[in-house]
Amino acid sequence: MTTIEAQRTPLHAEHEALGATFTDFAGWRMPLRYSGDLAEHHAVRTAAGLFDLSHMGEIRVVGPGAADALDRALVGDASGIGVGRARYTMICAADGGIMDDLIVYRLAEQEYLVVANAANAPLVTTELTERAAGRRAEVIDAAAEYALIAVQGPAAAATLAPLCAADLPALRYYASQATTVAGRPVLLARTGYTGEEGFELFVAPDDAPSLWTVLLEAGAAHGLVPTGLACRDTLRLEAGMPLHGHELSAAVTPFHAGLGRVVRFDKPDDFVGRAALSAVSVSGPGQVLVGLVGESRRAPRHGYPVLDPETGATLGTITSGAPSPTLGHPIAMAYVLPDHATPGTRLAVDIRGRHEPVTVAELPFYRRPSSSSPATAKAG
Amino acid sequence: MSIPDGLRYSTDHEWLAIAEDETSPATVGVTAFAADALGDVVFVELPEVGASLTAGETCGEIESTKSVSDLVAPVTGEVVERNEALAETPELINSDPYDKGWLLRVRITSLPPDLLDAEAYRALTDTGAGS
C-alpha cells in the first residue's frame, strides 16, 4: 500500500479504459499489463507495442555554456553530439559510482534534452544544476512539459509512417527530429529499450490522449497492442540492457557494467568522476556483469547468490532474472568475480535454497533479426 | 474479479472445494485475484502425490515472468492427485483458475480455523491486502 499518492500520467484514463493492471513505480501509477505479460512481450517482438513512458524525467539544459556544462557533468562527450543526434551516457559520482544512465538529445547548438530514469530524475536535476553553476547554462526540470509514448517493434515504422510528417527511414538510430504526428507537434526520436526497432514520441501532455488513441487505431492493423512495464522488463532483459537499481547503481562504475565505452577520457576538460574512473579502467573492476542462462525451469531473481557449483562459495549476485518469453528458458544478469565471467563457465544460483545450474552466456541473449544497432543503447 | 460462492478461501489467495462427503478429497487452486497479481504463469512446482501437507507451510511454487510465489498449503492432509496438465499448460491458472487450472486434490486431515467464505474473501481482496 502507498502512503504517498502516486502521480498519474496524462494517459491514465486511457489505461483504465483498456482494463490495465496498475503498479506503483518510482512514485508513478503505471500500467503493468493490459492483456497479459507474455502476449504483450510477443507482440513487441513480432508486431508492435505502445508504451506510456511519461514517468521518465526530462531535463532541459540551455545556454551558450550548455555543451561545456554537460561535458563537465557527465562521463560522455556532450559537445561531440551533433544537432539532431542523441547519445547514451551516464552521470557518475566523484567516486565513479553510477547515479543514473541517461539519453542526451542535442536539440539545437545550445539546447540539450536529458532523459533520466523516473526514480533518479530529482537527483539528476539537482546534480546537473550544481555541476552547471557558473558555466552559462540553465538547467530546467521539464518533466511536466512532456508525455512520452514509445512505439516499439518491427511494425513500429509502418504504424507511424502514415501519420507522421517526417521521413521515417531517413531518421537515423539515435537521432531525433521535431515533426508532427496526426497533426500534433512531436519530438520524434528513434530510440528504445526493447531490443526492437522503434520510436519514442515526446509530446505535450494535453496532446497525449488523442495521439495514444490514434496510434492504437493505426497500429491495430499491424498487430500493435498496448504494452505495460512488465513486458518492458523482460524485453530489455532479453536484449541485455541494464536497468538502474538492478545492473546499475551507485555501488558500481560503468566499467563494472561492461559499459566503459561511455566514459570519454579524451575530453579536454575534467569531469565528475574522472580520477576514480581512470583508476578503475587501469586496475579493472572487482566484479563484472555477465549474462547467465538457466538449465532448470526455475529462474534466478534479483538478489539471489551466484555460487561456485563445486564448493558452494559465493561468487556474485543476480541483478535481474526471469523466464525468457522469447527463448523459453531462464535468463539473468549478475555481477561475478572476473575469473568466473568467461562465456561457457558453469556456475550455480541459490534459488530459494536449492542450487540450480547456470552457464555464463554472451549478452545480449536476444538480437533482433538483421540488427545493426548497439545492443546496450537504451532509453532508460 | 471472480470469487465464486460455495468455495472456501485462504488468506494466501487459494481456494478449496470441499466435497459434501467429507471423505472425498478436496480440490485446491489459486484465486483469480492471485492469478491476476502473478501475471502469466510459466511454471508450477507441485508436491508429489502422497506428500503430506501442513496448513500454512510452503509446498510448492508458482512462477510468472514477473515474479515467483510460494504455494502455501491451505489445509493439512495428503496429496492424492495433482493437475499434470499444468506441466505443459501452466497458463490454465490464468485462463481458468477455478476449473481447469486447479492444482491439487488433497485428502484433508485437518482444516485450519481461519478459512474464509466467499463474502469474507471478497472483503479481503477489496481492501487490497496481498496485492
Side-chain angles (χ1 to χ4, degrees), chain A residues 1-3 6 19-25 29-45 227-238 294 296-304 318 320-332 349 351-354 356, chain B residues 1-2 11-13 30-48 51 57-73 82-97 100-101 103 123-131:
Chain A
M1 291 199 206
T2 46
T3 48
T21 298
F22 289 90
T23 187
D24 286 347
F25 180 77
R29 193 105 177 112
M30 298 301 295
L32 182 65
R33 72 177 70 89
Y34 304 83
S35 56
D37 309 340
L38 290 173
E40 293 168 31
H41 183 109
H42 294 311
V44 173
R45 288 274 178 259
T227 42
L229 291 189
C231 78
R232 189 170 159 82
D233 193 44
T234 46
L235 288 160
R236 71 94 193 165
L237 177 60
E238 288 182 345
S296 83
R297 294 185 68 174
R298 304 170 78 229
R301 303 282 181 174
H302 178 80
Y304 290 3
I318 300 291
S320 299
S324 163
T326 305
L327 304 172
H329 55 68
I331 56 172
V349 179
I351 299 183
R352 297 179 296 285
R354 267 167 31 214
E356 302 284 0
Chain B
M1 199 65 65
S2 160
T11 53
D12 294 307
H13 305 284
V30 299
T31 66
F33 178 89
D36 190 59
L38 284 165
D40 289 326
V41 176
V42 295
F43 174 57
V44 191
E45 188 173 81
L46 297 174
E48 304 288 340
E57 290 190 0
T58 299
C59 63
E61 57 192 33
I62 303 180
E63 184 140 24
S64 66
T65 51
K66 187 173 167 289
S67 64
V68 61
S69 296
D70 283 333
L71 178 63
V72 177
R82 48 184 214 168
N83 187 353
E84 302 295 347
L86 296 178
E88 290 303 314
T89 51
E91 61 270 24
L92 291 171
I93 290 173
N94 297 103
S95 61
D96 198 1
K100 292 199 178 77
L103 301 177
L124 176 78
T125 53
D126 275 350
T127 61
S131 65

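Here is the naming used below: chain letters follow the sequence lines, and residue numbers restart at 1 for every chain. Everything numeric in this text was worked out from a predicted model, so none of it was measured.
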Using non-hydrogen atoms only, which part of P325(A) is less than 4.5 Å away from chain B: side chain, backbone, both, or neither?
side chain

What is the minimum heavy-atom distance between P323(A) and E63(B), and which atoms define it?
CG-CG, 4.2 Å

Any chance CD of E88(B) has more than 12 other-residue heavy atoms, nucleotides or ligands included, within less than 6.0 Å?
no

In terms of heavy-atom contacts, does CZ of F22(A) have more than 12 from other residues, nucleotides or ligands at under 6.0 Å?
yes

Against chain A, label E61(B) side chain, backbone, both or neither, depending on which of its atoms sit under 4.5 Å from a heavy atom there.
side chain

Top residue by heavy-atom pair count (under 4.5 Å) with chain B, among A230(A), A299(A), S324(A), A322(A)?
A299(A)

Sort N94(B) into side chain, backbone, both or neither according to what part of it lies under 4.5 angstrom from a heavy atom of chain A.
neither

Given 3.5 Å as the limit, does a donor-acceptor pair link the side chain of R298(A) with the main chain of E45(B), or not?
no

Interatomic spacing from OG in S67(B) to NE2 in H302(A) - rounded to 0.5 Å:
14.5 Å

Whether the side chain of D37(A) engages the backbone of T65(B) through a donor-acceptor N/O pair (distance < 3.5 Å, no angle test) should be reported.
no

Once you round to the nearest 0.5 Å, how far does OG1 of T58(B) lie from CZ of R352(A)?
10.0 Å

For R297(A) and A87(B), the nearest pair of non-hydrogen atoms, with its separation, is NH1-O, 3.3 Å

Quick check: do I351(A) and V68(B) have side-chain heavy atoms less than 4.5 Å from each other?
no

What distance separates K66(B) NZ from T23(A) OG1, expressed to the nearest 0.5 Å?
5.5 Å

Give, as side chain, backbone, both or neither, the part of L237(A) having an atom under 4.5 angstrom from any heavy atom of chain B.
neither

Separation between NE2 of H41(A) and CG of D40(B), rounded to the nearest 0.5 Å
11.5 Å

Which atom names give the shortest non-hydrogen contact between G39(B) and R33(A), and what distance separates them?
CA-NH2, 3.3 Å

